[in-house]
K.L.:
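Following this message is one structure expressed as structure tokens.
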Amino acid sequence: MKYSELNVLEINKISYIVKEKQPSLFKQICIFIGQLFYYTFLIHFKYKALPANYKGLLFFGVSLNNRRSLEPIINNVKNDTYLYLNNHVTDVHKRRAWWHSIPYLFSLIKLYKKSNKEDKALILKYFTRLWTTYGLYKIAGEMLDKYKVKVLVLANDHNDINRCLIFNALEKGIKTVYVQHASVKRGFPKLDFTYSFLDGKESLEKYLYDGKPKGEVYLSGGVRFDSLYDKIVKRNYETQRIGIAINMLDDFEKIKSLCLFLKNNNYNDLILRPHPRYQHLNSEWLINNNISISNPKEESSFDFISKIDFMISNESAIHLDASIMYCPTVLYNMSDNKVLDDYNFVKNNLVKLANTEDELLKFIKNPKDVMPTKEVLQYYNASSNSHLEGKLGITIARFLELVCQGKEKQFDKESGFVKNSVLFHEIDDSFAK
């Protein structure tokens, strides 16, 4: 392939639905130069040595949420049979990627000139991300060759380096396995994997919006939920401690207003949990108002939820975590943006929407009215109340062992799945009876 003809917009397709603000084009160029210096002079990259009994099984998960989804599987794979790359700085040769991208500046400019109005705006918004994709694509292919990969396991289907790995694996005939790490929205890239393990029918319906998957799909439930079963607390549905989970869209002034409203209504035991990339947190104000902080880099969402009686959050995948842990949770807007219900949590009766402070207070006082039914939970997480609940890590680890041996066809019979269509396999709970 000529890298100048690489479809960097297709690789970065997630950019079409992301609402994050980006720096100006000038600032992006300055950041690119700074990163080039950083990766060239301050970061030492070295390929990892292959384990003694390596079977060609490579796990790649560089974000915290990715690692939390992959580790329950990795912990059940035989030692020395796999390689795990989990650091986006030291495990990806970004120095070569950034330098290799420089000659393709004119390719990106050429793409801009022939693009439609929407794509031109997107290219300007994510200019350096698209530019560095040329280099990332090349080093992704080199990684797969260097590590002699036969089976690639990913927990992210949309960011640039993961997409580069996926497309390279397709070209090289490498089997790919996707393990869903969070809830998805309509508009996520098509499932371009040999095998995909999804949370449930709700996720599949959203992925189908962008096209038929390339491979087979298992409606397994979320492996990331394995760890929560010893964290689920017996709830008496009396709201005393309230957790507030905030994301990057939330306005801290509105968050402050919510906290004061709750305190004025005698809900004084509050824990605030910011998104790992939230940059507007006023910790001093929170401390002065006796509001605890849950550090997402040190405490999982499940540990946070196990400590609270009720949760409030804007549009966020954490609502599903709370629901599966039987914690009442309500969607409440803490931003200037309109609630779009991108996850369809409200539409599908997983989460209640509070439009006003009075509605929110009513839900807090009647937490049982907030809880979803078992059928709704299984729609989102197929393993809920099934024989695989809490056991997906060891189940998928067994699947990968069979894939490495070329025997994956016997997996359904061993694990209790049934193929319900040409597309997907579902849990057959009669297997456990």
Side-chain angles (χ1 to χ4, degrees), residues 1 11 45-63 66-94 96-97 136-181 191-198 213-218 220 223 392-415 417 425:
M1 168 192 280
I11 291 174
F45 174 85
K46 185 178 180 181
Y47 280 110
K48 291 185 175 181
L50 295 178
N53 299 310
Y54 182 62
K55 304 295 185 183
L57 177 60
L58 175 67
F59 291 90
F60 185 86
V62 296
S63 76
N66 289 180
R67 294 196 291 274
R68 284 175 176 164
S69 293
L70 292 176
E71 284 173 353
I73 304 169
I74 292 170
N75 292 339
N76 287 285
V77 176
K78 293 179 182 178
N79 290 334
D80 295 327
T81 62
Y82 66 89
L83 186 65
Y84 181 23
L85 303 182
N86 61 7
N87 190 305
H88 72 100
V89 175
T90 59
D91 288 346
V92 179
H93 203 338
K94 289 192 173 180
R96 291 200 63 237
L136 283 173
Y137 195 88
K138 179 177 176 62
I139 64 103
E142 291 177 354
M143 286 169 62
L144 295 176
D145 291 338
K146 180 69 177 179
Y147 292 131
K148 302 176 182 177
V149 179
K150 295 179 181 178
V151 181
L152 172 67
V153 186
L154 301 167
N156 183 297
D157 63 337
H158 58 265
N159 77 11
D160 47 10
I161 182 59
N162 282 271
R163 294 279 284 169
C164 288
L165 285 166
I166 294 164
F167 279 85
N168 269 283
L170 284 171
E171 289 181 8
K172 298 173 183 293
I174 295 170
K175 292 180 180 179
T176 52
V177 179
Y178 169 56
V179 181
Q180 188 176 340
H181 84 277
L191 292 169
D192 288 314
F193 302 89
T194 315
Y195 300 100
S196 300
F197 286 85
L198 302 186
K214 283 188 180 295
E216 297 190 41
V217 176
Y218 281 88
S220 60
V223 66
L392 291 176
I394 192 169
T395 302
I396 298 174
R398 174 57 179 161
F399 174 79
L400 294 175
E401 180 184 352
L402 292 171
V403 172
C404 289
Q405 298 172 4
K407 299 178 180 179
E408 56 263 47
K409 288 187 177 181
Q410 69 187 58
F411 175 71
D412 282 9
K413 187 175 180 180
E414 282 190 11
S415 303
F417 280 88
H425 306 242

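Predicted, not measured: the structure shown is a model, and the values here were computed from it.
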K.L.:
The criterion is side-chain contact (heavy atoms from CB on, under 4.5 Å); which residues satisfy it with T176, sequence neighbours excluded?
P.N.:
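side-chain contact (heavy atoms from CB on, under 4.5 Å) check on T176 returns L152, A169, F193, T194.
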K.L.:
Might you work through the ring-ring contact (aromatic ring centres under 6.0 Å, His included) test for Y54 and Y147, ending with a clear yes or no?
P.N.:
CA-CA 10 Å; Y54 182 62; Y147 292 131; 7.7 Å; no
K.L.:
Test: side chain to side chain donor-acceptor pair (under 3.5 Å). Region: residues 394-406. Which pairs qualify, not counting sequence neighbours?
P.N.:
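Found R398-E401, R398-E414.
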K.L.:
In chain order, what residues pass the salt bridge (charged side-chain N to carboxylate O under 4.0 Å, His left out) check against K148, with sequence neighbours excluded?
P.N.:
none
K.L.:
If every non-hydrogen atom of A155 is compared with every non-hydrogen atom of H181, which pair is closest and at what distance?
P.N.:
O-ND1, 2.6 Å
K.L.:
If the condition is ring-ring contact (aromatic ring centres under 6.0 Å, His included), which residues does Y218 pass it with, not counting sequence neighbours?
P.N.:
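Y218 satisfies ring-ring contact (aromatic ring centres under 6.0 Å, His included) with F197, F399, F411, F417, H425 once adjacent residues are dropped.
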K.L.:
What pairs with K150 under side chain to side chain donor-acceptor pair (under 3.5 Å), at least two apart in sequence or on another chain?
P.N.:
none
K.L.:
Backbone N or O of L400 within a donor-acceptor pair of the Y195 side chain at under 3.5 Å?
P.N.:
no
K.L.:
Within the structure provided, determine whether F60 and V153 are in side-chain contact (heavy-atom separation under 4.5 Å).
P.N.:
no
K.L.:
Do L154 and V179 have side-chain heavy atoms sitting under 4.5 Å apart?
P.N.:
no
K.L.:
K138: what forms a salt bridge (charged side-chain N to carboxylate O under 4.0 Å, His left out) with it, not counting sequence neighbours?
P.N.:
E142
K.L.:
Would you please name every residue forming a salt bridge (charged side-chain N to carboxylate O under 4.0 Å, His left out) with E71, sequence neighbours left out?
P.N.:
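Testing E71 for salt bridge (charged side-chain N to carboxylate O under 4.0 Å, His left out), a comparison that skips the adjacent residues, returns none.
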K.L.:
Just so I know, are the side chains of L170 and K214 near enough to count as touching, which here means a heavy-atom distance under 4.5 Å?
P.N.:
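Yes - at least one pair of side-chain heavy atoms lies under 4.5 Å apart.
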K.L.:
Measuring from I396:CD1 to I73:CD1, what's the distance to the nearest 0.5 Å?
P.N.:
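Reported value, rounded in 0.5 Å steps: 4.0 Å.
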K.L.:
Under a 4.5 Å cut-off applied to non-hydrogen side-chain atoms, are L392 and P72 in contact?
P.N.:
no
K.L.:
Minimum heavy-atom separation for A397 and V77, please, with both atom names.
P.N.:
CB-CG2, 3.9 Å
K.L.:
Quick check: closest heavy atoms across N66 and V62, and the distance to 0.1 Å?
P.N.:
OD1-N, 4.0 Å
K.L.:
Using the side-chain contact (heavy atoms from CB on, under 4.5 Å) criterion, which residues pair with T90? Sequence neighbours excluded.
P.N.:
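Testing T90 for side-chain contact (heavy atoms from CB on, under 4.5 Å), a comparison that skips the adjacent residues, returns N87.
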K.L.:
Mind checking the OG-CG spacing from S196 to L191? Nearest 0.5 Å is all I need.
P.N.:
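Taking OG in S196 and CG in L191, the distance rounds to 4.0 Å.
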K.L.:
Which atom names give the shortest non-hydrogen contact between L198 and Y178, and what distance separates them?
P.N.:
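Heavy atoms of L198 and Y178 come nearest at CD2-CE2, 3.8 Å.
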K.L.:
Among pairs that include at least one residue of residues 155-165, which meet side chain to side chain donor-acceptor pair (under 3.5 Å), considering only residues two or more places apart or in two chains?
P.N.:
D157-Y207, N159-N162
K.L.:
Please identify each residue that fulfils side-chain contact (heavy atoms from CB on, under 4.5 Å) with K172, with sequence neighbours left out.
P.N.:
L144, D145, N168, I174
K.L.:
So do the side chains of L85 and L58 get within less than 4.5 Å of each other, counting heavy atoms only?
P.N.:
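The answer is yes; the side chains approach within 4.5 Å.
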K.L.:
Which pair of heavy atoms, one from L83 and one from P51, lies closest together, and at what distance?
P.N.:
CD1-CD, 4.3 Å
K.L.:
Does any pair with a residue in residues 68-90 pass ring pair (Phe, Tyr, Trp, His ring centres under 6.0 Å), and if so which ones, sequence neighbours excluded?
P.N.:
F59-Y82
K.L.:
Please examine the side chains of N53 and K78, heavy atoms only from C-beta on, and report whether any two atoms are closer than 4.5 Å.
P.N.:
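They are not in contact (no side-chain heavy atoms under 4.5 Å apart), so the answer is no.
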K.L.:
Once you round to the nearest 0.5 Å, how far does NZ of K48 lie from NZ of K146?
P.N.:
14.5 Å
K.L.:
Can you name the side-chain contact (heavy atoms from CB on, under 4.5 Å) partners of I394, sequence neighbours left out?
P.N.:
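Expected list: N76, K391.
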